[in-house]
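Contents: one structure, followed by commentary.
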Amino acid sequence: MSARVGVVTFPGSLDDRDAARAVRLAGGEPVGLWHDDAALGRVDAVFLPGGFSYGDALRCGAIARFSQVMDTVKAAAAQGMPVLGVCNGFQVLCESHLLPGALVRNAHLRYRNRPARLRVETTRTAWTRLYEPGSEVVFPAKHGEGRYVADEAVLDQLEADGRVVFRYLDNPNGSMRDIAGVTNEAGNVVGLMPHPEHAVDELTGPSNDGLGIVASVLAHLTGAADTSGVSR
Amino acid sequence: MARVVVDVMLKSEILDPQGEAVLGALPRLGVNDVSSVRIGKRVEIEFDENAQNVEEQSRVIADQLLANPVIESFSLSIEGA
Amino acid sequence: MARVVVDVMLKSEILDPQGEAVLGALPRLGVNDVSSVRIGKRVEIEFDENAQNVEEQSRVIADQLLANPVIESFSLSIEGA
Amino acid sequence: MSQLNVAIDTVGVADATPDEKQPWAELGLKEDEYQRIREILGRRPTQSELAMYSIMWSEHCSYKSSRVHLRQFGEKNPKTPRLLAGIGENAGVVAIDENIAVTFKVESHNHPSYVEPKQGAATGVGGIIRDIIAMGARPIAVMDSLRFGAIDHPDTARVLPGVVDGIGHYGNCVGLPNIGGETYFDACYQGNPLVNALSVGVMPRSRLQSMQASGVGNTVILMGAKTGRDGIGGVSVLASATFSETGEGDARPSVQVGDPFTEKLLIEVCLELFDEGLVVGVQDLGGAGLTCALSETAAAGDGGMHVDLERVPLRAKGMEPQDILASESQERMLLIVDPAKAEEVLARSHRWGLLATEIGTVTDTGRLVVDFHGQTVVDVPPKSLADEGPVYHRPIAEPNDLGLIAVDRAETLPRPTTDEEIRQTVLDMAASPNLCDKSWITEQYDSSVFGNTVLGTPHDAGVVRLDERTGVGIAISLDGNGRFARLDPYVGAQLSLAEAYRNVAVTGATPIAISDCLNFGSPEDPHVMWQFERAVTGIADGAQKLGIPVTGGNVSFYNQTGRDAIHPTPVIGVLGVIDDVARRIPLGLGKTGDTIALIGT
Ligand SMILES: Nc1ncnc2c1ncn2[C@@H]1O[C@H](COP(=O)(O)OP(=O)(O)O)[C@@H](O)[C@H]1O
């Protein structure tokens, strides 16, 4: 039986269908989760997709943090359940304090849509274990508020702990230290701005490099060849 | 040194989707007795020590750059001179 | 009816590209003696007539929703009760 | 009960005060039109009725100057079994295969985008998306065709970034990929920029919706945003005529602000309701707000309608009935629902956090009756508003300068001869704003949301996959050329049609349908009317020759400042079908050693 990956739909989520497709193409079983439901319905991992949850009017992810589903996701993450946040999902994870730092307006002040070249900085997370360390991937980056910021001390700590997961090779938004994605201490919660779910098929995306994200979590969940430092 | 604060708000009859979204989220925080939320910009401008015509210049900045007169109005306050 | 204003500003150590952009545009308006521009949010909250604990509730709203403590700070003012 | 203005103008009051002076001229009605309204009603109209007639009989809603010419499309359109809904519907619908259909349409939001570029353009995108929803389809992509004044004019620096920001903001937030468009600069558009937006949607053929308010006893539901004073500028003369205004100066803004988040909810809720078979009829609220939606659904249905206007959720205090009827607040839809299912409709929209309110019922009276706090303010035959507006045969005259333009031929221009001159010409062309790279604009648009965009910018046409299993997809291109149309509107319009047709064909798709947006100056100028007639004839003849129908479109007149009209600018969208998107042909050169051939004339 393939692993069940929950994909959350908030009002205003846009990439939920794409996230479900990526899960399916990588061999998992996508399960729709509704923002107002507290129950996670026996899922093995959670994918928070991109979009503009609740309109994202005030600050991206600020309102989604208070949804029913996020209470449950927080508790499950603390128990080690793999959680991925992409774009708005990453913003929600930061606003919910599941990940450090914040995502603010791009330094050039515009929404920008470009394929982003990224370096996989660590494979010691539930969502990156099948990548080659240091390898290069291309995911579309498209956002107006994706500049990663945090205190210098926090950034130093992230670097020291090896918790920077993806780094931009051509920083598109002014993120501090070119950070595109980070993980929590346990390595089960990962957030990134660029969209792996839009890089699953060369017909519709710049690459199929994104399949490795879901493939990694599936491998993590089945415990195959546990070379990662991530505990379940 | 003069510090000028320009508050820019949407005109009262213009839809404020940001404010509406926040209003809609308040019950999730347990707040149920708010009737309206409006969100605008607060701009803090610091002039050099010996700047002249601070008020006049601020008005020009607010009018031409900070506020969009079609949908927004602004108010000025000068905090020290 | 109480009206509360919450001002939310980026912390001073956080780069404010919007403020920088305005600062950079000022010389075109003929304004040359501004040393800094910071842009934040102004949130006007109106409570119902008989709302209780307005200050306390406003603080909760500001602290948990309106400002992100990682990057922002806020100040509150209550305009009538 | 909220405070009621004692001076409210009811049908009873109108009966009793036949000689009351009414500001029909200020509302844009002609003397004979006003007299016709009095004849239809057998009395003077109330303020609310006058507002409704002035809106529905405006150029924008009644197509009074263009209607006689647009008939050509219907007359000349080739017959095709693919056409499931054509001109007259919110958007044309064409069959892709036995199971799925697509609907697409291009519409203008020119003047609002000049007044307030960001919101004007944003609400233009929002409006066309609602047309697509109203047909029963899920919107799957947008495109935009833009015209600005000179690139180095200071006002272009105000208009262009705002327009791009508005289109991007709305499309990105509502979650639709932008798959292409055009951007041109010409001094003739300085005071009249063009913002034409196209949207396309897909549906199972069985989900096609109608705008009919049929079934006596059915419930009328208003869904979406609250109603505010947005865009009631013109109608405000009614209020100022009867009582003096006290409020702030900004009380009657003519600008509407869009909220793409609410629009996204409208899409999801409407599709859920259609899929569950909970809706009898549906109509979007566009430029003419409730006035248009109520009169069109009632006129298309089989009876009448009764509405209790005070039930409409309001955003502003003290709105008069005519304000509510005229409001152009965005992100609203009107639904006709079986009363037994009304509760479920309300529950489903509340689940998404969307407002939905029962405001009326379908009746068999043949009248559209609107009450406000129990007093009747409107009692009219709905067809007189929706279908029986004035029709003009405007005078037509060939522009005097046509001969002059004709002799100023390209052949007479100096040619580059030396290497240096040729080099300079190439550089000049590359630097021309009309030819240079547009990625500054297009990278502000999401192009990949939904994961079905197979080709977007910078390709000749956008290609979108409709079905992952079969690989079937569509290609769309949007093209116009005002300079060609200025030289010869008949041939110029056909050139744009041919360009869009070719752009679709070169991706590997087979063109099947046309939508058009006709941007012109004032119809009261016989020269403009001549250009219009020639362009329409050109498109209709071209469509006939190519064997594909015109399925819908939009007319935008009065794009003119003083006596100077824009170039006649028909913008043409062509839609094609491709059996397997994996076989699409992208732009660009192939591999080293491939043969390059030039075909055609
Ligand atoms: N406003 C716009 N919105 C979306 N796409 C645009 C816009 N303007 C230009 N494009 C896209 O940029 C590409 C190049 O446009 P253009 O220079 O007009 O080339 P062409 O002459 O081949 O149409 C095309 O793919 C076109 O669809």
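A note on names: the letters A, B, ... follow the listed sequences, proteins ahead of strands, and every chain is numbered from 1.
- Residues B:Ile45 and B:Ile61 have side chains in contact (heavy-atom distance under 4.5 Å, counting atoms from C-beta outward).
- Side-chain contact between B:Lys41 and B:Phe74: absent, with no pair of heavy atoms (C-beta onward) separated by less than 4.5 Å.
- In terms of heavy-atom pairs under 4.5 Å with chain B, the best-connected choice from C:Ile39, C:Leu23, C:Val8 is C:Ile39.
- The most heavy-atom pairs under 4.5 Å with chain C, out of B:Gln18, B:Gln64, B:Arg38, B:Gln52, come from B:Arg38.
- Contact of C:Asn32 with chain B is made through the backbone alone, with heavy-atom distances under 4.5 Å.
- Judged by distance alone, the side chain of B:Glu20 and the main-chain N or O of B:Asp16 form no donor-acceptor pair under 3.5 Å.
- Between B:Val43 and C:Val22 there is no side-chain heavy-atom pair separated by less than 4.5 Å.
- In this structure, chain C has no heavy atom under 4.5 Å from any part of B:Glu49.
- Of the two parts of B:Leu66, only the side chain, counted from C-beta on, holds a non-hydrogen atom closer than 4.5 Å to a non-hydrogen atom of chain C.
- The OG atom of C:Ser77 lies 8.5 Å from the CZ atom of C:Arg3; values are rounded to the nearest 0.5 Å.
- Among the candidates C:Asp48, C:Asp33, C:Leu26, C:Asn50, the residue making the largest number of heavy-atom pairs closer than 4.5 Å to chain B is C:Asp33.
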